[in-house]
Structure formats: C-alpha cells, structure tokens
Amino acid sequence: MNVIKISADILECEKSELSAEDLKLVESSENFLKNAYAPYSKFSVSAAVLLDNGVIINGTNQENAASPSGTCAERTAIFYANSQYPKNKILAVAISAFFNGEIISTPIPPCGACRQVILETETRYSHPVKLILSAKNKCLIINSIKDILPLTFTSDFLS
Ligand code: THU
C-alpha cells in the first residue's frame, strides 16, 4: 500500500506586504461588503474578481429564507464575471468578510462548493486563479485552487 502525501505552500502575510495590484483587489472586495445580503447569518462576504482585461467584478453573498436558495460571494462574482466577460480569464479573486459589524480577524477560505466552481474556472481558462483571503491585518495567498482542493473532480473523468 502507498501513502499519497498532499501538501501546499500557502503564503501568510500582513496587508502591508501585499503588492499594489493585490491590495487594490482586496480593497475593492472590502468596499463591497456593505452590499452583502446576510440577514440570517449576519456574516457578510465579498469577492472581487480580477479579469485579464483589468476589469474587477464584485459579488457578495445573497442569502434567502430558504437557505439553499442563497449564494456565496465567490459564486455571485464568478458567475457574473463569466456571464459578462465569457472570453476573459479570471486571474485572481480577493475574499473578505464582515461579522457583527467588524472585519473578521482570521481570513476565510472558500466553501467546498465555491472551490469546485473556482476549479471549473481554472480548467475552463487553463489558468490558475490566485486567491487572496484577507482579514483585518492578516492575508493568505493561495496560488491555485488545486492547493486547497486536492484530488480534484474535473471534466477529464467524463470523457
Ligand atoms: N459564505 C460565502 O459567501 N462564502 C464562503 O466561502 C463561505 C460562506 C456565506 C454564505 C452565507 O451567506 C454566510 O457566508 C454564512 O455561511
């Protein structure tokens, strides 16, 4: 029997250490937190998507009294980006969150369903999507969703 080890390099840094481009995306994400619709969880999430034409698309979580009908910030932003700019690669996504009126102190990683959608985006555009997870001061930078979604299920299995 073989043991398959899975590991990934995830960068942890202060906000002040971010590149100008990454900081701009994080700030764009934070600026849209106010547009989240999260009356049930009180947990507002915002995602800013950077396209290869320089356009930034924003999305926030949109909850529903029938909870499965709501959508996470990442999927709101990615599906909107794909709908508006189907030909443009998604290069990066910055994700931030607000709980009980304050920016969270620990960065939140995308949920399982959003990871699968980000994987589809990487496959579709043959390009890794850099994730910048930001909290009050701390950030995590992940270079590809495959780093946090190993043993991926892709369309390769369908052919
Ligand atoms: N949420 C997101 O928007 N993105 C994530 O990756 C995790 C969770 C939202 C869904 C729900 O509206 C709220 O956060 C609490 O789960």
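Position 1 is the first residue of the sequence; numbering continues from there. Note that ligands are numbered from 1 as they come in the structure, with each ligand's atoms numbered from 1 the same way. What you see is a predicted model, and the numbers here were worked out from it, not measured in a lab.
Within the 3.5 Å criterion, the main-chain N or O of Tyr40 finds a donor-acceptor partner in the side chain of Glu63. Distance alone, capped at 3.5 Å, is enough to place a donor-acceptor pair between the Ser144 side chain and the Lys146 backbone. Using modelled atom types, no side-chain atom of Ser28 and backbone atom of Lys24 make a donor-acceptor pair closer than 3.5 Å.
Take Ser29 and apply the side-chain hydrogen bond (donor to acceptor under 3.5 Å, both in side chains) test, not counting sequence neighbours, and it matches Ser96.
A distance limit of 4.0 angstrom between heavy atoms and ligand 1 selects the residues Ser41, Phe43, Val45, Asn61, Glu63, Cys72, Ala73, Glu74, Pro109, Pro110, Cys111.
Side-chain contact between Arg124 and Asn82 is present, with at least one heavy-atom pair separated by less than 4.5 Å.
Contact check on Glu30 versus Lys15 returns a salt bridge, with a Lys/Arg side-chain nitrogen under 4.0 Å from an Asp/Glu carboxylate oxygen.
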